[in-house]
J.: 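Sharing a structure, written as structure tokens. Questions coming.
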Protein chains: 2
Amino acid sequence: MASTRPKPRKLSSAKLRSAAFRRVRADHQSELAQDYVELIADLIDERGEARGTDVALRLGVANATVVKALKRLQDQGLVSQEPYRAIFLTGDGWKLAEDGRRRHKIVERFLLALGVSAETARIDSEGIEHHVSRETLAAMAKFLTRN
Amino acid sequence: MASTRPKPRKLSSAKLRSAAFRRVRADHQSELAQDYVELIADLIDERGEARGTDVALRLGVANATVVKALKRLQDQGLVSQEPYRAIFLTGDGWKLAEDGRRRHKIVERFLLALGVSAETARIDSEGIEHHVSRETLAAMAKFLTRN
DNA sequence: GCATGATTTTAGCCATGGCTAAAAAAGATT
DNA sequence: AATCTTTTTTAGCCATGGCTAAAATCATGC
């Protein structure tokens with residue numbers, strides 16, 4: 001990898017560029033987990049408990065899908081649940097949920113401040129929140145205070 | 001679904017909420033295709049041709065992964081390619097690529113205008129561009145002209 | 001024009017995130 | 001307490017998007 005270098009042509013920035021795509025793929029990995037814990041936290045706050053069925057309903061997904069996903073989240077130490085019972089968040093789960101809520105709130109309020117409708121802000125923020133870096137989030141927050 | 005309504009409690013907005021998640025999942029479906037065609041278009045413009053290997057390099061992904069993805073894109077009528085040869089975009093492929101570029105450019109310039117670094121704008125825009133609705137994109141464009 | 005080295009594709013593995021249909025558990029009703 | 005209904009889980013399917021290792025093809029030097 002040092003001496004030959006057969007076809008450099010002009011692809012020198014390739015590695016640099018690939019970083020963005022790698023980040024997007026990594027974000028997608030954590031996205032589902034974050035959506036779940038955020039939703040579970042909301043349900044617990046709103047109704048006192050979170051049941052798998054409610055999660056499925058809000059996510060717009062089949063019940064079985066949620067059961068499977070919850071198993072993975074349990075393996076990751078984010079939630080705890082016994083069969084046929086309500087879902088609980090672990091310490092890590094709450095931390096992730098809080099982080100997601102904070103980020104979500106900023107993005108949604110930012111979109112509103114930018115002038116889009118409430119409906120669009122709600123929908124777009126759901127997709128955008130997972131791809132906003134710390135720096136961009138800070139810039140959005142700053143924009144909010146200035147307006 | 002009309003007469004009984006057994007447990008409404010206060011989950012009436014569930015269907016509404018689920019729409020956002022459905023949209024995010026749908027966006028993820030088209031995301032890969034869009035990234036590929038956009039990248040292929042760039043390679044064709046920059047270097048005259050796009051080879052699978054270059055795509056793999058820029059995406060930061062194994063060669064075999066690209067080969068497999070290109071087959072799917074071919075089935076979707078976005079690219080055309082013969083084994084061991086360069087990749088071409090179909091009419092639909094070009095349309096999708098142009099749309100992606102336009103959207104990408106607006107999002108990236110918007111982030112810059114918001115005050116984030118060039119590096120961050122480049123990286124974040126890659127993830128955000130696929131989750132920005134027509135309305136939000138328009139709001140970003142408007143913000144750009146005002147500034 | 002043929003052997004050898006480089007590149008590209010194929011084969012086959014894995015995890016994820018969907019689904020439906022069947023089984024199991026919980027909860028009501030009598 | 002036994003049955004019947006509803007809810008939840010399990011089982012098993014599918015497509016996607018990754019990977020590595022092996023096979024096939026291409027291209028070069030001789």
Side-chain angles (χ1 to χ4, degrees), chain A residues 1 3-9 11 14 18 21-37 39-40 43 49-76 78-79 81-87 127 130, chain B residues 1 4-9 11 14 18 21-37 39-40 43 49-76 78-87 127 130:
Chain A
M1 205 260 214
S3 57
T4 49
R5 202 163 62 123
K7 274 207 306 188
R9 284 155 89 182
L11 206 57
S18 75
F21 292 110
R22 288 178 188 284
R23 237 276 314 267
V24 174
R25 288 196 299 271
D27 288 344
H28 283 164
Q29 288 268 312
S30 44
E31 199 166 329
L32 188 112
Q34 187 143 340
D35 283 344
Y36 268 83
V37 295
L39 195 46
I40 291 165
L43 284 166
E49 66 167 20
R51 334 207 87 253
T53 307
D54 299 334
V55 174
L57 235 181
R58 289 222 186 158
L59 242 31
V61 121
N63 229 288
T65 301
V66 170
V67 173
K68 213 197 268 190
L70 285 177
K71 276 206 192 92
R72 279 194 295 266
L73 296 184
Q74 211 160 3
D75 291 345
Q76 291 170 49
L78 294 171
V79 314
Q81 189 204 18
E82 282 158 75
Y84 300 97
R85 312 296 291 280
I87 307 157
H130 303 287
Chain B
M1 205 258 214
T4 50
R5 203 162 62 124
K7 273 207 306 189
R9 284 155 88 183
L11 206 59
S18 75
F21 292 111
R22 287 178 190 283
R23 237 276 314 269
V24 174
R25 289 196 297 272
D27 288 344
H28 283 164
Q29 289 269 311
S30 44
E31 198 165 329
L32 187 114
Q34 187 143 342
D35 284 344
Y36 268 83
V37 296
L39 195 45
I40 291 165
L43 285 165
E49 65 167 20
R51 334 208 86 254
T53 307
D54 300 333
V55 174
L57 236 181
R58 289 222 186 158
L59 242 30
V61 121
N63 229 288
T65 300
V66 170
V67 174
K68 213 196 269 190
L70 285 177
K71 275 203 193 95
R72 278 193 296 266
L73 295 184
Q74 210 159 4
D75 291 345
Q76 292 170 48
L78 294 172
V79 314
S80 72
Q81 189 204 18
E82 283 158 74
Y84 301 98
R85 312 295 291 279
I87 307 157
H130 303 288

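Quick note on labels: first sequence line is chain A, next is B, and so on, each numbered from 1.
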J.: State the CG-CZ distance between B:L57 and B:R51, to the nearest 0.5 angstrom.
T.: 13.0 Å
J.: Pick the nucleotide of DNA chain D nearest each of B:V61 and A:L70; which residue has the one closer to the 5' end?
T.: A:L70
J.: According to a strict under-4.0 Å criterion, is B:T65 in side-chain N/O contact with OP1 or OP2 of D:dG17?
T.: no
J.: Under the 3.5 angstrom rule, does the side chain of B:Q81 hit a backbone N or O of B:R85 as a donor-acceptor pair?
T.: yes
J.: May I ask you to verify if any side-chain N or O of A:R51 is less than 4.0 angstrom from the OP1 or OP2 atom of D:dT8?
T.: yes
J.: Without decimals, in angstroms, what is the distance between A:R25 CZ and D:dG17 C1'?
T.: 9 Å
J.: Looking at every non-hydrogen atom in both residues, tell me the closest pair between B:G52 and B:I87 and how far apart they are.
T.: N-CD1, 3.6 Å
J.: Could you tell me the separation between the CZ atom of B:R85 and the C1' atom of D:dA27, rounded to a whole number of Å?
T.: 14 Å
J.: Please determine, for the side chain of A:P83, which listed nucleotide (D:dC26, C:dG12, D:dT9) has the closest atom?
T.: D:dT9
J.: Measure NZ/B:K71 against P/D:dG17 and give the value in whole Å, please.
T.: 15 Å
J.: Mapping A:N63 and B:Q81 onto DNA chain C by nearest heavy atom, which one lands closer to the 5' end?
T.: B:Q81
J.: Does a side-chain heavy-atom distance below 4.5 Å link B:E31 with B:H28?
T.: yes
J.: Base, sugar-phosphate, or nothing for B:A64, non-hydrogen atoms under 4.0 angstrom?
T.: base
J.: If I take atom CD in residue A:Q74 and atom C1' in nucleotide C:dT16, what distance separates them, rounded to the nearest angstrom?
T.: 18 Å
J.: Rounded to whole Å, how long is the line connecting atom NZ of A:K68 with atom C1' of C:dA21?
T.: 14 Å
J.: Enter the distance from B:R72:CZ to B:Y36:OH here, rounded to the nearest 0.5 Å.
T.: 8.0 Å
J.: Are any of B:R72's side-chain N or O atoms less than 4.0 Å away from OP1 or OP2 of D:dA15?
T.: no
J.: Expressed in angstrom and rounded to an integer, what is the separation of B:L59 atom CG from D:dG18 atom P?
T.: 7 Å
J.: Let me know the distance between CG of A:D75 and P of C:dC14, rounded to the nearest Å.
T.: 18 Å
J.: Between atom CD in B:Q29 and atom P in C:dC19, what is the gap in whole Å?
T.: 12 Å
